[in-house]
2 protein chains.
Amino acid sequence: MKKKAPEPRPRSAGRPAGGAALSKQRIAEAALAHIDAFGLGAFSMREIAAQLGVYPATVHWHVSTREALLAEVAATVMAQVTPPKGTLGWQAWIAELFRRCRTAVRQHPNVAQLLGAQLVSNGSLPTELVEGVLAALTEAGFDGEPLLEAYNCVIAAMLGFLTMEFSPLPADNTQAWAEELRERVHTIRPLDHPVLTRHLPQLANRAFILRWDNGTTVPLDSSFERHIQITIDGLEAFARRVAQAASSSS
Amino acid sequence: MKKKAPEPRPRSAGRPAGGAALSKQRIAEAALAHIDAFGLGAFSMREIAAQLGVYPATVHWHVSTREALLAEVAATVMAQVTPPKGTLGWQAWIAELFRRCRTAVRQHPNVAQLLGAQLVSNGSLPTELVEGVLAALTEAGFDGEPLLEAYNCVIAAMLGFLTMEFSPLPADNTQAWAEELRERVHTIRPLDHPVLTRHLPQLANRAFILRWDNGTTVPLDSSFERHIQITIDGLEAFARRVAQAASSSS
DNA sequence: ACCTGAACACCGTTCAAGT
DNA sequence: ACCTGAACACCGTTCAAGT
């Protein structure tokens, strides 16, 4: 199944004549396409080098490191998620951000695992996203320390849910594993877990930890919408607390 | 720096005499210790085999797969987080769960990345945790579809935040990377990002995406506490909505 | 049942050398 | 500046063979 060194186009060393030189951009695109098609587990520097008809060292000349390439890929996926400013109230703006982010991740679900890890520790800052969230929360009345706390909550709520919704299943024998987990879920002892047992029909394969499919095959649409609402309701309560504290101390 | 095949104790094949046979348990402990000491990037089947003074194949005889071992490790870390039932109200119980979970992760920050990925798609179900959350949410008045939604929100909020707070920095030249990111953060263009610029002193190295240290060196204590409060406030608002809808339709 | 010893098919990264 | 060709030091997993 695996290809080896580039046989199709045995070119010679040096910069190609046609101006068809490789670029960070093109490499990132190829990597994203490959990850979309075969998953993050199948990703490797050598694989995408082969894909591009080039030696592994060539990729390294453009990209420096595997980690940097994956960060680039993650940034690409998140590039268009920030909603435009100004037209929406802060609650609607944040809700829109959540939804656009999920839409983007759903188009590239295999990249989801990178978001928490790579976007958070990222060289290519999505500054518009940060600015947008801060602007929305400022409009909500947050400032200083509460602003920081509300911001961290928003980012964690958004990326956290998506990371988990699309977290990959065991790579190997998914079939057997799913069957075993389904079995295990349905043989939970009712006496020790009465609430779980009672609601199992509602929860099975739709609740975190009780799933054997991920968001690619069983999307958690209503849970995500509810997650948005809960987050925004919580933020509004926080804003009220802040306003209260300010007025009572004046 | 790296060790090779087990030289210290060149034993012969077969089950060891002293009853000191290897076990899944002992392997998981060794793996956890190694990950705590050197990070998840330094983890490998061969490494922990060497650590235990055996051949790689021996580890595979007990553990089947690398992925399974890491799932075991993640489960070990999460083993003791579920608070006892009955003594607390549902809000306090959930808050306690969040705090105990963070305490556990702080003792093994390098496993954080596994939580979202491994706990969610896990063979060894932490059924007490699931049962506990469901019991708390039932006490809050949730049932049926809303129960599912509230549950998913709780799990995502808890694990999502922790995954991000302790998400690892670039493995290679952390020093240079941190310096570059700090530089980049402080040269953000004020005209394009007025809100960000204004609050940068508050946010730098303490807000997601604007950090160059992770939770191990710069813990986000107050943000996490606020995250708990926002989540619970949001859940209470959700419970009120549900109650309202039920009474208005009766 | 539990482990050795060796092999297979991969990795990321580096580096001299070419053009 | 951009790429080849080859090497280095690793991987996870499998498998016959030992005890």
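Note: hydrogens, waters and symmetry copies are ignored here, and every other heavy atom, side chains too, is used. Order of the sequence lines fixes the chain letters, A, B, ..., with proteins taken first and strands second; residue numbering starts at 1 for each chain.
Remark: aromatic rings of B:Phe161 and B:Phe224 are close, center separation under 6.0 Å.
Regarding B:Arg66, its CZ atom lies at a distance of 8 Å from the P atom of D:dT13, rounded to whole Å. What separates CD of B:Glu47 from P of D:dA9 is a distance of 16 Å, to the nearest Å. Atom-to-atom, NE2 of A:His60 to P of C:dC11 comes out at 13 Å; the value is rounded to the nearest Å. For the pair B:Ile48 CD1 and D:dG12 P, the interatomic distance rounds to 10 Å; values are reported in whole Å. Between the CH2 atom of A:Trp61 and the P atom of D:dG5 there is a distance of 18 Å, rounded to whole Å. At whole-Å resolution of the value, CD1 in A:Ile27 and P in C:dG12 are 13 Å apart. Atom CE in B:Met45 sits about 23 Å away from atom P in C:dA7, given to the nearest Å. Rounded to whole Å, atom P of D:dC10 lies 15 Å from atom CZ of A:Arg46.
Along DNA chain D, the nucleotide nearest B:Ala57 and the nucleotide nearest A:Ser23 are compared for position; the residue whose nucleotide lies closer to the 5' end is A:Ser23.
Under 4.0 angstrom from either OP1 or OP2 of D:dG12 there lies no side-chain N or O belonging to B:Thr65. Checking the phosphate oxygens (OP1, OP2) of D:dC3, no side-chain nitrogen or oxygen of A:Tyr55 falls inside 4.0 Å. Contact annotation: A:Ser44 does not reach the phosphate of C:dC10 (side-chain N/O to OP1 or OP2, under 4.0 Å). Contact annotation: A:His62 side-chain N/O to D:dC3 OP1/OP2 distance is under 4.0 Å.
In this pair, A:His227 and A:Phe98 present their aromatic rings tilted. The plane angle is within the 30 to 60° band.
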Dump the intermediate steps for salt bridge (Lys or Arg N to Asp or Glu O under 4.0 Å) on B:Arg26 and B:Glu29, then the final yes or no. CA-CA 5 Å; B:Arg26 282 196 49 214; B:Glu29 285 167 22; 6.0 Å; no

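In this structure, A:Arg99 does not pair ionically with A:Asp221, as no charged nitrogen and carboxylate oxygen lie closer than 4.0 Å.
Base pairing annotation: C:dT13 forms a Watson-Crick or G-U wobble pair with D:dA7, both donor-acceptor distances under 3.5 Å.
Checked by atom type and distance alone, the side chain of A:Asn110 never pairs as donor or acceptor with a backbone atom of A:Phe38 at under 3.5 Å.
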